[in-house]
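Only a predicted model underlies this, so the values are computations on that prediction, with no experimental measurement involved.
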Amino acid sequence: DPPRILLYGPEKAGKTTLASEFPDPVFIQTEVGTGTLELETFGKLTTFPDVMDALSALYSEEHDRKTVVIDSVSALQPLIWAETGERGDDKGNKKKRIEDFGYGKGYVAALDKWRELLAALELLQRRRSMGVILLAHSNLKPFRNPEGDDFDLWQLALNEKASGLIRGWAEDVLFAKWEVFAAAAEGSKAKGVSTGKRLLHT
């Protein structure tokens with residue numbers, strides 16, 4: 001089967017550029033940030049139904065694309081939250097914000113929309129033989145290490161529940177970053193210095 005890849009990392013790490021190198025990609029853009037790249041794209045999509053319509057068109061219409069790229073699931077998240085709020089709670093009461101569901105219920109309800117998205121992507125992979133690449137931003141989060149010193153950890157810039165669902169669905173989880181080393185003049189605090197190389201961790 002074609003690949004199902006989750007690729008995340010900080011800004012300007014080259015995620016979109018790397019995705020554009022896969023066979024005949026088409027981009028489902030939920031943000032603007034392609035720089036000077038010339039991409040096959042539906043344009044920036046601003047609602048979750050627009051994203052699903054684009055995936056439906058790739059499934060049902062003739063085309064020569066071999067890879068579908070969601071750029072990015074981090075920017076797609078607020079669209080999913082808006083759609084979840086529009087659908088409302090069990091009693092049909094619409095919600096303006098995902099927090100309005102109360103006690104984390106909105107984030108659980110939003111998983112239904114994430115599952116719809118992943119099901120549509122899986123159909124493209126299995127029935128249209130398209131590779132799937134999900135791009136995501138990352139952020140640093142302090143990690144309490146029970147076995148030693150605490151440290152900062154790169155994590156997906158997504159709600160924890162959605163992050164777990166997507167990481168479990170992907171066949172490959174890749175992390176792109178700049179190569180950085182610590183350098184310090186004698187007696188001063190260390191500073192991060194980039195070598196200019198990009199690294200891909202598997």
- Taking the side chain as every heavy atom from C-beta outward, state whether Asp64 and Asp24 have any pair of such atoms under 4.5 Å apart. no
- Here the gap from Ile133 atom CD1 to Glu21 atom CD, rounded to the nearest 0.5 Å, amounts to 10.5 Å
- Query: With side chains defined as the heavy atoms from C-beta onward, is the minimum distance between Ser72 and Tyr8 less than 4.5 Å?
  - Reply: no
- Message: So does Gln77 get a backbone contact from the side chain of Lys113, meaning a donor-acceptor N/O pair under 3.5 Å?
- Response: no
- Task: Using a 4.5 Å cut-off on heavy atoms from C-beta on, say whether the side chain of Asp50 contacts that of Leu79.
- Result: no
- Closest non-hydrogen atom pair, Gln125 against Val132: CB-CG2, 4.2 Å
- Item | Check: Ser74 side chain, Ala157 main-chain N or O, donor-acceptor pair, under 3.5 Å | yes
- Do His63 and Glu40 have side-chain N/O donor and acceptor atoms under 3.5 Å apart? no
- Message: Checking Leu156 against Leu6 for the side-chain contact (heavy atoms from CB on, under 4.5 Å) test, could you report, in this order, the C-alpha distance in whole Å, the side-chain angles of both residues, the deciding distance, and whether it holds?
- Response: CA-CA 10 Å; Leu156 282 173; Leu6 170 62; 3.8 Å; yes
- Item | side-chain contact (heavy atoms from CB on, under 4.5 Å) partners of Lys161, counting only residues at least two apart | Tyr107, Val108, Leu111, Asn159
- Is the count of non-hydrogen atoms from other residues, nucleotides or ligands lying under 6.0 Å from Asn93 atom CG greater than 12? yes
- Message: Using modelled atom types and a 3.5 Å cut-off, is there a donor and acceptor pairing between side-chain atoms of Thr84 and backbone atoms of Ile80?
- Response: yes
- Task: Compare every heavy atom of Gly106 with every heavy atom of Phe101, then report the nearest pair and how far apart it is.
- Result: CB-N, 3.3 Å
- Message: For a quick test of reading the model, state the closest non-hydrogen atom pair linking Phe175 to Gly9 and the distance between them.
- Response: CE1-CA, 3.7 Å
- Query: Any sub-3.5 Å donor-acceptor pair from Glu83's side-chain atoms to Pro49's backbone N or O?
  - Reply: no
- Message: Is it the case that the side chain of Thr30 and the backbone of Leu45 share a donor-acceptor pair, with hydrogens and angles ignored and the cut-off at 3.5 Å?
- Response: no
- Item | Interatomic distance, Ser129 atom OG to Leu124 atom CG [nearest 0.5 angstrom] | 10.5 Å
- Message: Tell me the closest heavy-atom pair linking Ala176 and Ala13, and the distance in Å.
- Response: O-CB, 3.7 Å
- Note on the structure: Rounded to the nearest 0.5 angstrom, the CG-CD distance for Asn139 and Glu11 is 11.0 Å
- Query: Taking side chain as C-beta onward, heavy atoms only, is Asp112 less than 4.5 Å from Arg87?
  - Reply: yes
- Nearest-0.5 Å distance, CG of residue Leu200 to CG of residue Leu174: 5.0 Å
- Task: Please lay out, stage by stage, how Leu134 and Leu118 fare under the test side-chain contact (heavy atoms from CB on, under 4.5 Å).
- Result: CA-CA 10 Å; Leu134 307 178; Leu118 297 179; 4.3 Å; yes
- Message: Do Leu55 and Leu121 have side chains that approach each other closer than 4.5 Å (heavy atoms only, starting at C-beta)?
- Response: yes
- Message: For Glu86, give me all partners under side-chain contact (heavy atoms from CB on, under 4.5 Å), at least two apart in sequence or on another chain.
- Response: Lys94
- Query: With a 4.5 Å heavy-atom cut-off, do Phe22 and Val69 have their side chains touching?
  - Reply: no
- So do Asp53 and Thr47 actually touch side chain to side chain, heavy atoms under 4.5 Å? no
- Item | Lys177 backbone acceptor or donor facing Arg198 side chain under 3.5 Å | no
- Query: Is Phe42 close to Val26 at the side-chain level, that is, under 4.5 Å between some pair of heavy atoms?
  - Reply: yes
- Verify, without hydrogens or angle tests, whether Thr67 (side chain) and Pro23 (backbone) share a donor-acceptor contact under 3.5 angstrom. yes
- Note on the structure: One should read off an interatomic distance between Leu58 CG and Leu123 CG, to the nearest 0.5 angstrom, of 12.0 Å
- Item | Spacing of Lys66 atom NZ and Met130 atom CE [to the nearest 0.5 Å] | 10.0 Å
- Note on the structure: Of all heavy-atom pairs linking Val73 and Trp114, the shortest is O-CH2, 3.5 Å
- Item | Glu122 CD: over 12 foreign heavy atoms closer than 6.0 Å | yes
- Exam field: side chain Glu171 to backbone Arg4, donor-acceptor pair closer than 3.5 Å: yes
- Shortest non-hydrogen contact between Ala120 and Met52, atoms and distance: CB-CE, 3.9 Å
- Task: Please check if the side chain of Lys95 supplies one atom and the backbone of Asp89 the other of a donor-acceptor pair under 3.5 Å.
- Result: no
